[in-house]
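Quick notes on the structure that follows.
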Amino acid sequence: MRCSEMFAPTLREVPAEAEVVSHQLMLRAGMMRKAASGMYTYMPLAWRVLKKIMQIIREEMDATGGQELLLPIVQPAEIWRETGRWNVYGEEMFRLKDRHGREFCLGPTHEEIITALVKGDVRSYRQLPLLLYQIQDKFRDEIRPRFGLMRGREFIMKDLYSFDRDEEGLERTYKKMYAAYTRIFRRCGLHFRPVEADSGAIGGSATHEFMVIADSGEAAIVYCLNCDYAANTEKAECLSPEHAAANLLALEEVATPGQRTIDEVAKFLHVGPERCLKTLFYAADDKVVGVIVRGDHEVNEIKLQNYLACVHLALAAPETVQALTGAPTGYAGPVGLKNVTLLADYAAAAVQNGICGANREHAHLMNVNSGRDYEPRAILDLRLITTHDPCPRCGGEVKFARGIEVGQVFKLGTKYSKALDCSFLDEKGQEKPIVMGCYGIGVSRTMAAAIEQNSDANGIVWPVPIAPFHVIVVPVSVKDSAQMDMAEQIYRTLQEAGLETAIDDRDERPGVKFKDADLIGYPVRVTVGNKAVAEGTVEVKVRRTGAEFKYALDDYVRQIKELLGNLSDS
RNA sequence: CGGGACGUAGCGCAGCUUGGUAGCGCACCUCGCUUGGGACGAGGGGGCCGCAGGUUCAAAUCCUGUCGUCCCGACCA
């Protein structure tokens, strides 16, 4: 590729709209432009990267027995109504009507339509297992698109759906896909971690997310320093603490004028926040529930929602709290509360002689004990894990990290096959629902995640396997025919050797070309200037390390290949 | 959906308070000069100031509405 012909308009300045580094650099490197909020055009350089990522995915999916197909983007409402998700998906789904007034959506995911397909054409256990996948654009009308490709409204996704005859089959498929995902992200050159996750709206049982570790990630994960446990904090289990016997003191009301928050109350009464009980009220669909956690803990709404099996969950309005407790927010407590279901977190119920709101303004209760002073409907794990918690597997120390979710593997079970009546006949002629799994990879997000993880002050530092080109040849002056002849010669030779090579034949000053090369992130740069011509050597600079080498004319191809190989391994 | 901010040339911005018909840097075009990390000189092209109303002799500037974009939030009483 000749840079003089390449459509990759680079920008010196950072567009004001870009916040995260991947977004800034892709705009600056001339890789993408915005069409609308959350919707982007992928320009040639980005498309080369995306094709490489997709190629890696295809190879690994095919190796696992997957077969690629292409499903419609526009899907009829009918099949979504059958699974109940036409309503569950809510505002996040792009909806449209055809000229006859029939309803459709732009596919946010494809479980429905693929299940409908398989239902029509799979009859026998002999046709199972079946692994079908597709790579294409998906649409989700995010509340708030942000961070460029990280959370777009149109994005490229790979989805594989598996159809097995039973749970054992699903388990085998799941393990194969998990292994394939590990290979895919490793091949992309990413630093990542699979974590246990919550299955969320899609439903199903076991699920893992593949997280690219990056501080800009939207997801918080927790991992154990001792064993290989790692989980999304939404999912991470908190163990029930050991119950220690203690002297239960008499309940006592104290005046706490103007002290509303846990911090204020704890400081005012000279106790740690772990002695306090935080009582929150949630509106769960059309009911209200009270949730008690320790003062230094936070409610995990995912766990709460899963327990309640509700569709909508949000903190109750202050007026609701006032009506239930008879006090303004800040003075709520479980003691004496009627007419509301109370749930307590393990750690909260274990607090002895604790402190909580008295359900009267400017007053709190001391020496509150679960079982004596209040009786929750249930005591369970309802909070977010902290770094003070032990690893739920081995008891070791846990740490937090942030991650970008680039892939997720799900055991769906029979949720969709039952809803859509997708079944097969086994050897005995018995009809059974197909057991499903689904496995997604955010392709465009993976590209962004790769940049989040691989950039410096000068621009992108592509991992070799997904770099748009391997090598850029930069003649210092295109007006110098000796330089140009040598550059062209090297360019042709590298191409013939199978390396994806670009030559910056633009009539620009060398500084401009070097800056652009760094920005775009070619892993290896060959500079052809007077020195190279005079010495008859090939000057090579490695983008990632900045290391420079001089190679002999009869050996540089091998050397560059070796360099690229070493870069891929690290 | 709530809060904040912003829409002026491809990009980054000034001008708006104190209305008088638009400017700077980069990019782009031409010529010269230059060529090892975003040169320099000269000349040039490009904007109905997001859009629609209103006020006014006159609106980028004031008012109203609307659309778009970005950030924070939609959570811990």
Side-chain angles (χ1 to χ4, degrees), chain A residues 9-20 23-24 27-28 30 33-39 90-91 143-148 151 234 256 258-265 273 276-283 290-302 304-305 312-322 324-325 327-333 345 348 356-357 359 361 364 382-384 386 457-459 474-480 483-484 487 504 506-519 525-534 539 541 546 548:
Chain A
T10 55
L11 271 34
R12 289 193 188 203
E13 286 169 286
V14 182
E17 69 185 38
E19 189 73 11
V20 294
H23 191 194
Q24 293 176 348
L27 290 172
R28 284 194 56 210
R33 293 290 184 259
K34 182 174 66 185
S37 177
M39 298 180 181
E91 298 291 300
I143 299 178
R144 189 172 148 215
R146 61 182 128 180
F147 304 149
R151 186 164 293 278
E234 290 178 345
T256 51
Q259 312 297 311
R260 303 166 64 94
T261 68
I262 294 292
D263 274 354
E264 288 165 359
V265 172
C276 300
L277 299 176
K278 192 152 65 179
T279 308
L280 306 171
F281 295 93
Y282 279 90
V291 178
I292 307 152
V293 295
R294 226 166 68 180
D296 57 334
H297 288 157
E298 293 185 3
V299 173
N300 182 329
E301 293 187 0
I302 303 286
L304 179 59
Q305 188 161 14
H312 297 290
L313 183 74
L315 277 178
E319 304 80 65
T320 310
V321 177
Q322 174 91 41
L324 277 170
T325 67
T329 60
Y331 301 96
D345 179 69
C356 71
N359 298 322
E361 195 166 6
H364 280 74
L382 283 176
R383 67 182 172 90
L384 285 170
T386 73
N458 292 315
V474 181
V476 169
S477 171
V478 296
K479 299 228 172 83
D480 184 313
Q483 286 181 22
M484 275 312 281
D504 199 341
R506 297 175 300 166
D507 184 10
E508 291 282 358
R509 296 174 63 81
V512 173
K513 299 203 247 191
F514 294 154
K515 287 289 183 187
D516 274 355
D518 286 351
L519 179 59
R525 187 182 88 200
V526 175
T527 311
V528 183
N530 282 330
K531 277 183 274 175
V533 171
E539 269 182 54
K541 183 164 186 176
E548 298 183 63

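In what follows, every chain begins at residue 1, and chains take the letters A, B, ... in the order their sequences are listed.
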Legend entry - A/Arg33 side chain vs A/Leu27 backbone, donor-acceptor pair below 3.5 Å: yes

Legend entry - Atom-pair distance (CD on A/Glu319; C1' on B/A77), nearest Å: 13 Å

Inset, instruction - Using Watson-Crick or G-U wobble geometry with both distances below 3.5 Å, tell me the partner of B/U55, or none. - result: none

Inset, instruction - Looking only at side-chain atoms of A/Pro15, point me to the closest of B/G37, B/G36, B/G12. - result: B/G12

Inset, instruction - Among the candidates B/G36, B/C75, B/U34, find the nucleotide nearest to the side-chain atoms of A/Lys531. - result: B/G36

Inset, instruction - Check whether any side-chain N or O of A/Arg12 sits under 4.0 Å from OP1 or OP2 of B/G12, and answer yes or no. - result: no

Inset, instruction - Take atom P in B/G50 and the same atom in B/A60, then report the distance between them in whole Å. - result: 10 Å

Legend entry - Whole-angstrom distance between B/C48 and B/G2, as gauged at atom P: 34 Å

Legend entry - Length of the line joining A/Ile302:CD1 and B/C75:P, which is rounded to integer Å: 13 Å

Inset, instruction - Using the P atom as the reference point in each nucleotide, state the distance between B/U55 and B/C13 in Å, no decimals. - result: 35 Å

Inset, instruction - Return no unless some side-chain N or O of A/Ser477 is found under 4.0 Å from OP1 or OP2 of B/U34. - result: no

Legend entry - Side-chain heavy-atom pair A/Asp518, A/Arg525 within 4.5 angstrom cut-off: yes

Inset, instruction - Give a yes-or-no answer on whether the side chains of A/Asn530 and A/Gln483 include a donor-acceptor pair shorter than 3.5 Å. - result: yes

Legend entry - Interatomic distance, A/Ile262 CD1 vs B/A77 P [rounded to whole Å]: 6 Å

Inset, instruction - Side-chain contact test, heavy atoms from C-beta onward, threshold under 4.5 Å: evaluate it for A/Pro15 versus A/Arg28 and give yes or no. - result: yes

Inset, instruction - Could you check whether A/Arg383 gets within reach of a base, just the sugar-phosphate, or nothing at all, counting any heavy atom under 4.0 Å? - result: nothing

Inset, instruction - Pick the P atom in B/A22 and in B/U64, then give their distance to the nearest Å. - result: 26 Å

Legend entry - Sugar-phosphate only, base, or nothing, as touched by A/Ile143 at under 4.0 Å among non-hydrogen atoms: base

Legend entry - G-U wobble or Watson-Crick pairing nucleotide for B/U30 (cut-off 3.5 Å, both distances): B/A42

Legend entry - Pairing partner (Watson-Crick or G-U wobble, both distances under 3.5 angstrom) of B/G7: B/C67

Legend entry - Distance between P atoms of B/G20 and B/A27 (Å, rounded): 31 Å

Legend entry - Nearest-angstrom distance from the residue atom CZ of A/Arg33 to P of B/A27: 16 Å

Inset, instruction - Give A/Ala517 one of three labels, base, sugar-phosphate or nothing, depending on what nucleic acid heavy atoms sit under 4.0 Å from its own. - result: nothing

Legend entry - Watson-Crick or G-U wobble partner of B/C13, both distances under 3.5 Å: B/G23

Inset, instruction - Determine, for A/Arg294 against A/Asp345, whether the closest basic-nitrogen to carboxylate-oxygen distance falls under 4.0 angstrom. - result: no

Legend entry - Residue A/Glu13, side-chain atoms from C-beta onward, closest of B/A39, B/G12, B/G36: B/G12

Inset, instruction - Give a yes/no answer on whether the side chain of A/Lys278 brings an N or O atom under 4.0 Å of OP1 or OP2 in B/A77. - result: yes

Inset, instruction - Give the rounded distance in Å between these two atoms: CD of A/Glu508 and C1' of B/C26. - result: 13 Å

Inset, instruction - Consider the side chain of A/Arg146, meaning its heavy atoms from C-beta on, and name the nucleotide among B/C75, B/C71, B/G36 that approaches it most closely. - result: B/C71

Inset, instruction - Could you measure between the two P atoms, the one in B/U35 and the one in B/A14, and give it in whole Å? - result: 38 Å

Inset, instruction - State whether the side chain of A/Arg146 and the backbone N or O of A/Arg151 hold a donor-acceptor pair below 3.5 Å, judged by distance alone. - result: no

Inset, instruction - In whole angstrom, give me the gap between the C1' atoms of B/C1 and B/U61. - result: 32 Å

Legend entry - Options B/A77, B/C70, B/C71, nucleotide nearest the side-chain atoms of A/Glu17: B/C70

Legend entry - Touch class at under 4.0 angstrom, heavy-atom based, for A/Asn530 against every strand present: base

Legend entry - Distance between C1' atoms of B/C31 and B/C70 (Å, rounded): 42 Å

Inset, instruction - Determine whether any donor atom in the side chain of A/Lys34 lies under 3.5 Å from an acceptor atom in the base of B/U69, or the reverse, and answer yes or no. - result: no

Inset, instruction - Could you check how far CZ of A/Arg28 sits from C1' of B/G38, rounded to whole Å? - result: 10 Å

Legend entry - Sidechain-backbone polar pair: A/Lys278 side chain, A/Glu298 backbone, donor-acceptor under 3.5 Å: no

Legend entry - Closest nucleotide among B/C76, B/G36, B/A39 to the A/Arg509 side chain: B/A39

Legend entry - Out of B/G38, B/C76, B/G36, whichever nucleotide has its closest atom nearest the side chain of A/Lys515: B/G38

Inset, instruction - Write down the partner of B/U35 under the Watson-Crick or G-U wobble criteria, each distance required to be under 3.5 Å. - result: none

Legend entry - A/Lys513 side-chain N/O to A/Pro475 backbone N/O, donor-acceptor pair under 3.5 Å: yes

Inset, instruction - Tell whether A/Lys513 reaches the base of B/U35 with its side chain through a donor-acceptor pair below 3.5 angstrom. - result: no

Inset, instruction - Starting from the 5' end of RNA chain B, give me the residue, A/Ala16 or A/Ser37, whose nearest nucleotide shows up first. - result: A/Ala16

Inset, instruction - Report the distance from atom CD of A/Gln24 to atom C1' of B/C71, rounded to the nearest whole Å. - result: 14 Å

Inset, instruction - Let me know the distance between CG of A/Asp516 and P of B/G37, rounded to the nearest Å. - result: 15 Å

Inset, instruction - Pick base, sugar-phosphate or nothing for A/Val474, based on heavy-atom distances below 4.0 Å to the nucleic acid. - result: nothing

Inset, instruction - Using Watson-Crick or G-U wobble geometry with both distances below 3.5 Å, tell me the partner of B/C76, or none. - result: none

Inset, instruction - Please tell me which of the listed nucleotides, B/A74, B/G38, B/C75, lies nearest to the side chain of A/Glu301? - result: B/C75

Legend entry - A/Arg506 side chain near A/Asp516 side chain, heavy-atom distance below 4.5 Å: yes

Inset, instruction - With RNA chain B as reference, determine whether A/Ala532 or A/Val299 sits nearer its 5' end, using the nearest nucleotide of each. - result: A/Ala532

Inset, instruction - Taking only the side-chain heavy atoms of A/Glu19 (C-beta and beyond), determine which of B/C76, B/C71, B/A39 contains the nearest atom. - result: B/C71

